[in-house]
Protein chains: 2
Amino acid sequence: MTAQVPDAPDGGHGRPVPDATVARLAVYLRVLTELRWAATGPAAPLGHPRTISSADLARLAGVKPANLRRDLTFLGSYGVRGVGYDIHLLTTGISAALGADRSAPVALVGLGNLGQALAGYAGFGGRGFRIAALFDADPQRIGRTVAGLVIQDIGDAGRVCREAGIAIGVIATPEHAAQPVADVLVGAGVRSILNFAPGVLLVPDDVQVRRVDLALELQMLAFHEGRRADPAPTGVAVSS
Amino acid sequence: MTAQVPDAPDGGHGRPVPDATVARLAVYLRVLTELRWAATGPAAPLGHPRTISSADLARLAGVKPANLRRDLTFLGSYGVRGVGYDIHLLTTGISAALGADRSAPVALVGLGNLGQALAGYAGFGGRGFRIAALFDADPQRIGRTVAGLVIQDIGDAGRVCREAGIAIGVIATPEHAAQPVADVLVGAGVRSILNFAPGVLLVPDDVQVRRVDLALELQMLAFHEGRRADPAPTGVAVSS
DNA sequence: GTATGTGAATGGGTTCACAGCC
DNA sequence: GGCTGTGAACCCATTCACATAC
């Protein structure tokens, strides 16, 4: 899926931005933010550069320069030929394009280890969202404070999400709880869900679900590693 | 990168399997395993089906039928026209192709909330890997038991990984510790790294790194949600 | 000279549509 | 009739190479 920008027929920016590009823009933004921070921090090098080349930024972000330049054309022209990109301008531009200057309220459901990690992980800000409410079903957890927020009863999620205008939910519960939680969130007006539980969620067509399977990432790494070690495909254990 | 299977000139399988396909195969395998479990479990429906059609399996896995059939052709022919796929045969086939019947030992570094979540998450088995060693730098954590394993000192990681023949590492530490940890792992012979810390790791070319940025997933969800709510694209509000 | 912006080529992956087989 | 297996078309994304601008 690509993000469709309705109509901007004439010059300048306003093309649909590919999903892959959006992901990389977020990476560039993080790198640039660190750069600016380093430049204004205590150990600011004299003559901090105001610009950066696509080659340098690409190296820091782990992509190819051509790919980066292509990505930036979706925002318009922030670069100067022969010179590079103005760091401040570029930062502002990417941030605006990503909507990272807003902070959409997010509900996080399930505060086991993963949920707590997410609550802490996302504490930064400047990323386009903020964790605004925490929910769990375990009475032992309800009422405790995590990352500055009190964990509330999942039973209250509908009301709370509606009142706070929360449109994004994160599910970090065990597998069996994921579907019921999704139902509650959808009922409360949530339109986008990030799901860390295994399995496919059933939701209305207009609700967007993004799934992250942590074990899958490891499984793929193990697969590639296995292929490296042992060329034989349908693996009968060879001598070792 | 695609996984190159060197030579299987005659019949059967042996083509390079696209990365995207590998990821989906893992999903099919999980769905099939749950199916078989349900069929032999306490509430086994009478006349449990021995086969499944691409349409049904695709729906359960959340993909299109044609895509699934294309994926399965990389393994060879496990289906029967007019009937479907033999569930048992298909399960075995995918498992073998993915190397999910082996269990590569994995070292997990960093046992904060995320690390503990991963240690528990990956407890299943049948996924091609097993968590074999835990490391942390915090004396408060070293010696404690998580998911049946004792947390060891990161200083011992080199020796332990070498002795255990560990080729896969997971980094779930804070950002500032990621690079030194990667250096230690690479020094110990680790060839594949799954990195949950932000930032790019510098490693030798022959070491494969896979990065997962949890906040990035949320950021992309927020981006799409923002686009839905507010059509106005590039709000270059600033011109200072 | 140096670095951006971009047409054009390339490569991968998905989807269609139907031939082939049960 | 039903469903798989697959050539072909399509779409998206990356990469090259160079015209363009400073």
Side-chain angles (χ1 to χ4, degrees), chain A residues 1-5 11-28 32 49-87 89-90 93-94 97 220 224, chain B residues 1-5 11-28 32 49-87 89-90 93-94 97 220 234:
Chain A
M1 273 271 291
T2 58
Q4 198 30 280
V5 175
H13 30 65
R15 277 163 297 173
V17 182
D19 229 27
T21 293
V22 174
R24 280 190 300 269
L25 285 175
V27 175
Y28 307 152
L32 285 170
R50 307 187 83 85
T51 63
I52 189 169
S53 69
S54 65
D56 286 348
L57 184 51
R59 191 171 33 74
L60 291 172
V63 305
K64 300 220 173 179
N67 204 344
L68 181 143
R69 291 202 300 276
R70 173 76 69 194
D71 287 339
L72 293 186
T73 60
F74 287 102
L75 314 185
S77 261
Y78 284 98
V80 179
R81 295 172 196 237
V83 178
Y85 298 89
D86 180 287
I87 294 180
L89 215 61
L90 186 57
I94 296 180
M220 295 208 44
H224 284 117
Chain B
M1 271 272 289
T2 58
Q4 189 48 268
V5 175
H13 28 64
R15 276 164 298 174
V17 182
D19 231 28
T21 293
V22 174
R24 281 190 300 268
L25 285 175
V27 176
Y28 307 152
L32 286 170
R50 307 188 82 85
T51 64
I52 189 169
S53 69
S54 67
D56 286 347
L57 183 51
R59 190 171 33 76
L60 291 172
V63 304
K64 299 219 175 180
N67 204 343
L68 181 142
R69 292 202 299 277
R70 172 78 65 194
D71 287 337
L72 294 186
T73 60
F74 286 102
L75 313 186
S77 261
Y78 284 98
V80 179
R81 293 169 198 243
V83 179
Y85 297 90
D86 181 287
I87 292 180
L89 214 60
L90 186 56
I94 296 180
M220 296 208 43
T234 326

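The chains referred to below are lettered A, B, ... by the order of the sequence lines, with proteins before strands, and numbering in each begins at 1. For the numbers below, each heavy atom of this structure counts, side chains included, while hydrogens, waters and symmetry mates do not.
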Check the distance between [N]'s [atom2] and [X]'s [atom1] and give it to me in whole angstrom.
X     : N      : atom1 : atom2 : answer
A:R24 : D:dA13 : CZ    : C1'   : 8 Å
A:F74 : C:dT4  : CZ    : P     : 17 Å
A:D86 : D:dA21 : CG    : P     : 21 Å
A:N67 : C:dT4  : CG    : C1'   : 15 Å
B:R81 : D:dC3  : CZ    : P     : 14 Å
A:L68 : C:dT6  : CG    : C1'   : 15 Å
B:D19 : D:dT14 : CG    : P     : 14 Å
B:D56 : D:dT4  : CG    : C1'   : 14 Å

Indicate yes or no: at least one non-hydrogen side-chain atom of B:D19 is less than 4.5 angstrom from one of A:H224.
-> yes
Of all the choices, [options], which nucleotide is nearest to the side chain of [X] once you look at every atom?
X     : options               : result
B:R69 : D:dG5, C:dT15, D:dC22 : D:dG5
A:A20 : C:dC22, D:dT4, D:dT14 : D:dT14
B:K64 : C:dT15, C:dG5, C:dT14 : C:dT15
A:A66 : D:dC16, C:dT4, C:dC16 : D:dC16

Under the criterion side chain to side chain donor-acceptor pair (under 3.5 Å), which of B:R69, B:R70, B:K64 is the partner of B:S54?
->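 Of the listed residues B:R69, B:R70, B:K64, the side chain to side chain donor-acceptor pair (under 3.5 Å) partner of B:S54 is B:R69.
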Taking only the side-chain nitrogens and oxygens of [X], find out if one of them lies under 4.0 Å from OP1 or OP2 of [N].
X     : N      : value
B:Y85 : C:dC22 : no
B:S54 : D:dC3  : no
B:T73 : D:dG5  : no

Pick base, sugar-phosphate or nothing for B:S77, based on heavy-atom distances below 4.0 Å to the nucleic acid.
->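 If one applies the 4.0 Å heavy-atom cut-off, B:S77 turns out to touch the sugar-phosphate alone, with no base involved.
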Whichever of B:D71 and A:V80 has its nearest DNA chain C nucleotide further upstream toward 5' |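 Going by which nucleotide is closer to the 5' end, it is A:V80.
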Report the C-alpha separation of A:V63 and A:V27 in whole Å, then their side-chain angles, then the decisive distance to 0.1 Å, and conclude whether the side-chain contact (heavy atoms from CB on, under 4.5 Å) test is met.
-> CA-CA 10 Å; A:V63 305; A:V27 175; over 6 Å; no
Base C:dT15 to side chain B:R70, donor-acceptor N/O within 3.5 Å cut-off |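 Looking at the base of C:dT15, it does pair with a donor or acceptor on the side chain of B:R70 (distance under 3.5 Å).
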